[in-house]
Amino acid sequence: MLILQSFLILIIMDFGDNMMLLRKKKKLSQAALGNLIGTSGDVVGRYERGDIKPSIDVVVKIADVLEVSVDYLIGKSKLQLDKEALKRLERISELSEHNRDFIYNMIDMALRDFKTKKAYA
């Protein structure tokens, strides 16, 4: 039980830090973010400090306003995807397996090319 509590505290700390950094990157005050998610700036401050834990519904609202995934916001993923990147990934996932494989191969080739150019630069 103690390990689980420590893990939850770690997630909440990452959540609060990520939330604060993303909020500042968007040039939002705590009060402005609070208004956008339907609460007060004081509550946003308490989320950021880890004093209280938001419900999953509130986490989703915060992620939407800050334009990141919930996984990124809570510190589960270091991959920050903007809305346009997420839309593209959704469109790719709707393709046939053959077409998805083609797109993935193209991405792999582009990444290999980029790494090669970087290595020889």
Side-chain angles (χ1 to χ4, degrees):
M1 184 69 167
L2 183 58
I3 293 172
L4 180 60
Q5 287 176 330
S6 298
F7 181 68
L8 288 174
I9 289 169
L10 180 62
I11 287 176
I12 295 303
M13 285 176 56
D14 286 341
F15 168 79
D17 291 341
N18 287 341
M19 182 176 157
M20 178 181 58
L21 292 172
L22 290 163
R23 175 181 60 77
K24 288 181 177 182
K25 185 177 177 182
K26 294 251 181 225
K27 297 181 175 28
L28 292 172
S29 66
Q30 290 177 337
L33 179 58
N35 286 335
L36 292 169
I37 63 169
T39 191
S40 70
D42 291 338
V43 171
V44 168
R46 293 179 73 196
Y47 292 155
E48 290 179 353
R49 291 188 303 276
D51 295 342
I52 58 174
K53 301 173 193 172
S55 69
I56 190 64
D57 293 335
V58 173
V59 172
V60 170
K61 285 180 186 179
I62 294 168
D64 285 346
V65 169
L66 297 176
E67 298 180 315
V68 295
S69 69
V70 171
D71 280 354
Y72 183 83
L73 184 60
I74 65 171
K76 187 176 177 184
S77 171
K78 296 299 176 199
L79 178 63
Q80 183 178 356
L81 296 173
D82 59 26
K83 284 187 175 183
E84 188 57 36
L86 287 171
K87 285 179 189 176
R88 286 180 176 170
L89 290 173
E90 286 175 1
R91 290 195 310 251
I92 291 170
S93 72
E94 294 168 355
L95 296 173
S96 69
E97 184 176 352
H98 175 74
N99 288 333
R100 276 194 315 269
D101 288 343
F102 177 78
I103 296 291
Y104 294 148
N105 286 332
M106 295 299 290
I107 291 170
D108 290 342
M109 286 189 302
L111 291 172
R112 275 191 308 271
D113 185 48
F114 176 77
K115 287 179 184 178
T116 302
K117 285 180 181 177
K118 189 175 177 183
Y120 288 104

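All figures in this text were calculated on a predicted structure; none of them were measured in a lab.
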Begin with the C-alpha distance, continue with both residues' side-chain angles, and end with the deciding distance and a verdict on side-chain contact (heavy atoms from CB on, under 4.5 Å) for Arg112 and Lys115. CA-CA 5 Å; Arg112 275 191 308 271; Lys115 287 179 184 178; 5.9 Å; no
Would you say the side-chain atoms of Asn105 pair up with the backbone N or O of Asp101, donor to acceptor, closer than 3.5 Å?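 Yes.
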Do the side chains of [Y] and [X] get nearer than 4.5 Å, heavy atoms only?
X     : Y      : answer
Glu97 : Arg100 : yes
Leu66 : Asn18  : no
Tyr47 : Val58  : yes
Leu22 : Ile62  : no

Rounded at 0.5 Å granularity, tell me how far [atom1] in [X] sits from [atom2] in [Y].
X     : Y      : atom1 : atom2 : answer
Met19 : Asp17  : CE    : CG    : 11.0 Å
Ser93 : Ile103 : OG    : CD1   : 12.0 Å
Glu90 : Lys87  : CD    : NZ    : 9.0 Å

Under a 4.5 Å side-chain heavy-atom rule over Ile, Leu, Val, Met, Phe, Trp and Tyr, are [X] and [Y] clustered together?
X      : Y      : answer
Val60  : Leu28  : yes
Tyr104 : Phe114 : no
Val65  : Phe15  : yes
Ile52  : Leu33  : yes

For [X] versus [Y], what's the shortest heavy-atom pair and its separation?
X     : Y     : result
Asp14 : Gly75 : CB-CA, 4.1 Å
Ala63 : Leu73 : N-CD2, 3.8 Å
Glu48 : Met20 : OE2-CA, 3.4 Å

State whether the number of non-hydrogen atoms from other residues, nucleotides or ligands found under 6.0 Å of Phe102 atom CZ is greater than 12.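 No, not enclosed.
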Run the salt-bridge test on Arg46 and Asp42 with the 4.0 Å N-O cut-off and return the result as yes or no.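 No.
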